[in-house]
Visitor: 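Submitted below is the structure of interest, expressed as structure tokens.
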Amino acid sequence: VNPLPIADAGLDRTICEADTILLGTTANPAYSYSWDNAATLDDNSLAQPRAFPSATTTYTVTVTETATSCTSTDQVVINVLPQPFANAGSDDTLCLGESVILGGSPTGPAGATFAWDNAASLSDPAVSNPTAAPQTTTTYIVTVTDAVNGCTNTAQVTIVVNPLPTVDAGADQDICLGDSITLGGSPTGPI
């Protein structure tokens with residue numbers, strides 16, 4: 001009687017949606033491995049495949065000893081927590097020197113924390129709806145972290161900044177009463 005191979009799918013774990021996790025334990029060269037739910041694994045024939053489930057999933061590994069063809073199985077449950085929603089707001093266009101409020105209504109779930117990049121042009125990068133005053137076209141990314149489970153999500157918004165037109169009213173001039181002159185420089189505005 002041949003002993004059964006040792007099958008170890010690893011410990012049950014909890015991850016956030018869109019995260020990946022390594023399943024199983026160290027490979028034994030005398031064994032072959034086959035995991036179910038292959039569509040959510042990088043390679044279902046590895047002893048330690050990387051899993052990327054979008055919902056809570058039970059994985060079963062079947063371990064076969066190559067020399068004897070004896071098999072055993074083990075299971076692991078990967079609990080998947082949802083990502084918080086993230087809304088950076090709508091893309092916008094403004095003129096240089098103007099400002100705009102970023103974020104959605106709301107930007108994320110109640111109690112979440114917020115972290116915006118490009119902080120130098122923001123009133124406060126840690127609030128849900130900061131005021132942005134970019135000097136050039138800028139894409140802002142907000143990372144929303146759920147206070148309940150610590151899962152994160154991101155969203156982005158692009159603010160296009162148009163330069164101000166050049167205005168030239170012309171040089172100061174003195175004229176006599178009754179004379180006329182042409183005002184404006186060259187050019188007096190955008191062409």
Visitor: Between S45 and S34, is there a donor-acceptor pair closer than 3.5 Å when you use the side chain of the first and the backbone of the second?
Guide: no
Visitor: Please walk me through it: do N149 and T14 pass side chain to side chain contact (heavy atoms under 4.5 Å, CB included)?
Guide: CA-CA 10 Å; N149 58 34; T14 298; over 6 Å; no
Visitor: If you look only at distance, which donor and acceptor atoms sit under 3.5 Å apart when one is on a side chain in residues 84-94 and the other is two or more places apart or in another chain?
Guide:
from, atom 1, to, atom 2, distance (Å)
N87, OD1, G89, N, 2.9
D91, OD1, T158, N, 2.8

Visitor: Would you mind telling me which of L23, T40, D12 makes a side-chain contact (heavy atoms from CB on, under 4.5 Å) with I78?
Guide: L23
Visitor: Answer yes or no: is there a donor N or O on one side and an acceptor on the other, between the side chain of N153 and the main chain of T145, under 3.5 Å?
Guide: no
Visitor: Is there a donor-acceptor contact under 3.5 Å from the side chain of E65 to the main chain of C70?
Guide: no
Visitor: Under the side chain to side chain contact (heavy atoms under 4.5 Å, CB included) rule, what do V80 and I15 come out as? Steps first, then yes or no, please.
Guide: CA-CA 5 Å; V80 179; I15 63 171; 4.2 Å; yes
Visitor: Determine yes or no for a side-chain-to-main-chain donor-acceptor pair under 3.5 angstrom, with S121 supplying the side chain and P134 the backbone.
Guide: no
Visitor: Between L102 and I159, is a side chain to side chain contact (heavy atoms under 4.5 Å, CB included) present by the stated rule, with each step listed?
Guide: CA-CA 9 Å; L102 302 181; I159 306 301; 3.9 Å; yes
Visitor: Could you list the cluster mates of L81? Members are the ILVMFWY residues connected by side-chain heavy atoms closer than 4.5 Å, either directly or through other members.
Guide: none
Visitor: Got a donor-acceptor contact below 3.5 angstrom from the Y31 side chain to the I6 backbone?
Guide: yes
Visitor: Looking only at atom types and distance, does a side-chain atom of T73 sit under 3.5 Å from a main-chain N or O of V61, one as donor and one as acceptor?
Guide: no
